[in-house]
Number of protein chains: 2
Amino acid sequence: MTANDPNNRSDCPLSCALDLIGDKWSLLVIRDICLNKKRYVDFQSSPEKIPTNILASRLKRLEETGIIVKKPYQTKPLRCEYLLTVKGADLLPVLQTLAAWAEKHVPSCIPAPEFFFTLKPENLFTR
Amino acid sequence: MTANDPNNRSDCPLSCALDLIGDKWSLLVIRDICLNKKRYVDFQSSPEKIPTNILASRLKRLEETGIIVKKPYQTKPLRCEYLLTVKGADLLPVLQTLAAWAEKHVPSCIPAPEFFFTLKPENLFTR
DNA sequence: TTCATTACTTGCAAAACGCAAGCTTTGATA
DNA sequence: TATCAAAGCTTGCGTTTTGCAAGTAATGAA
């Protein structure tokens, strides 16, 4: 036996987490939602310039893994917004810790705005 | 202008952090070192079974970015161990936060041992 | 002399990525 | 009415990265 779930490399919580969001883009999409971006074009407008096919595939995967939900906000034409679930909002402390690490150790980065570190998961998810 | 450092996708601290360790394997190697693994074979023995060429390339990159150091512990034959720098040890809180998230939200994972959450960066790095 | 260990490197096929272009639905504009 | 723009994608295709297997070099042990 290798892992409870064959999609996981092992049962280690860290390994399981990285199997879900361990890539270059997923956490940036989640960051964007934390910063109140909701729509496809919003994510595309971020400075990292995520390729459109990658964005589509990440949104799909994050939805499939229950980290975000896709919710219509108008019908003609059908337009959806992407929102965090509780599972997704609970990634905020990870983002904050990682951002703090970079501010301390990566000279080329520019500090995140103060308010980012004051955000709390319970204010971010949908119900 | 896109980013201070052309290797970075943007100047966002999160983006900078992910440019360094945002992949499936890097944080697992760092986890291993936190758990007192030091040598090439130690990393290979972890349950995720990292491919040997990937391991070599990650160790190289982590060293180049100042997250780990490669240090000889014997000369005949020359054998080295990999240790965390301060920069690397300071990733521990990220690992702990991410592991806690997975324990809460990923049903298939098995909780990390208690002591993992009691570790502190200042006890992990070399001087 | 052969075998085992450690720490890698190399080759190659498969998968993922990234860029550009195209498509669909709808509302606005001329 | 014809054209245009916006939003949210999909498709094609070349490049890069990954992952598996095998091979290599240095040394010590049997």
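Computation of the quantities below employed the complete heavy-atom set of this structure, encompassing side-chain atoms and omitting hydrogens, waters and symmetry-equivalent molecules. Naming: A, B, ... by sequence-line order, numbering from 1 per chain. As the structure is a computational prediction, the values presented were derived from the model and not from experiment.
The other residues sharing a hydrophobic cluster with A:Phe125 are A:Val86, where clustering joins ILVMFWY side chains under 4.5 Å apart.
In terms of modelled atom types and a separation under 3.5 Å, the side chain of B:Glu103 and the main chain of B:Ala112 share a donor-acceptor contact. Panel note: side chain B:Ser10, backbone B:Cys16; no donor-acceptor pair is recorded below 3.5 Å. The main-chain N or O of A:Thr52 is found under 3.5 Å from a side-chain atom of A:Tyr40 such that the two form a donor-acceptor pair.
Of the residues in residues 53-61 of chain B, those lying under 4.0 Å from DNA chain C by heavy-atom distance are B:Asn53, B:Ala56. Residues of residues 68-85 of chain A that place a heavy atom closer than 4.0 Å to DNA chain D, in numerical order, are A:Lys70, A:Tyr73, A:Arg79, A:Cys80, A:Tyr82. DNA chain D is contacted by B:Lys24, B:Trp25 of residues 19-31 of chain B, taking any non-hydrogen atom closer than 4.0 Å. Near DNA chain D, defined here as any heavy-atom distance below 4.0 Å, the residues from residues 32-43 of chain A are A:Arg39, A:Tyr40, A:Val41, listed numerically.
Nearest heavy-atom pair, A:Leu14 versus B:Leu95, reported as atom, atom and distance to 0.1 Å: CD1-O, 3.5 Å. The shortest non-hydrogen separation linking A:Asp90 to A:Pro121 is OD1-CB, 3.6 Å. Between B:Leu119 and B:Cys34, the shortest heavy-atom distance links the atoms CD1-O, 4.0 Å. Between A:Leu91 and A:Ile21, the shortest heavy-atom contact is CD1-CG2, 4.3 Å. Between A:Ile67 and A:Ile30 the shortest heavy-atom distance is CG2-CD1, 3.9 Å.
Atom CD of B:Glu64 has more than 12 heavy atoms from other residues, nucleotides or ligands within 6.0 Å. B:Glu114 CD: 12 or fewer foreign heavy atoms inside a 6.0 Å radius. Within a 6.0 Å radius of NZ in A:Lys71, no more than 12 heavy atoms belonging to other residues, nucleotides or ligands are found.
In the 5' to 3' direction, nucleotides of DNA chain D lying under 4.0 Å from heavy atoms of chain B begin and end at D:dT18 to D:dG28.
Checked against A:Ser108 for a side chain to side chain donor-acceptor pair (under 3.5 Å), the options B:Asn8, B:Asp19, B:Asp11, B:Asn7 give a single hit: B:Asn8.
The CZ atom of B:Arg31 lies 8.5 Å from the CZ atom of B:Phe116; values are rounded to the nearest 0.5 Å.
One side chain, B:Lys37 or B:Ser46, offers a donor N or O that lies under 3.5 Å from an acceptor on the other.
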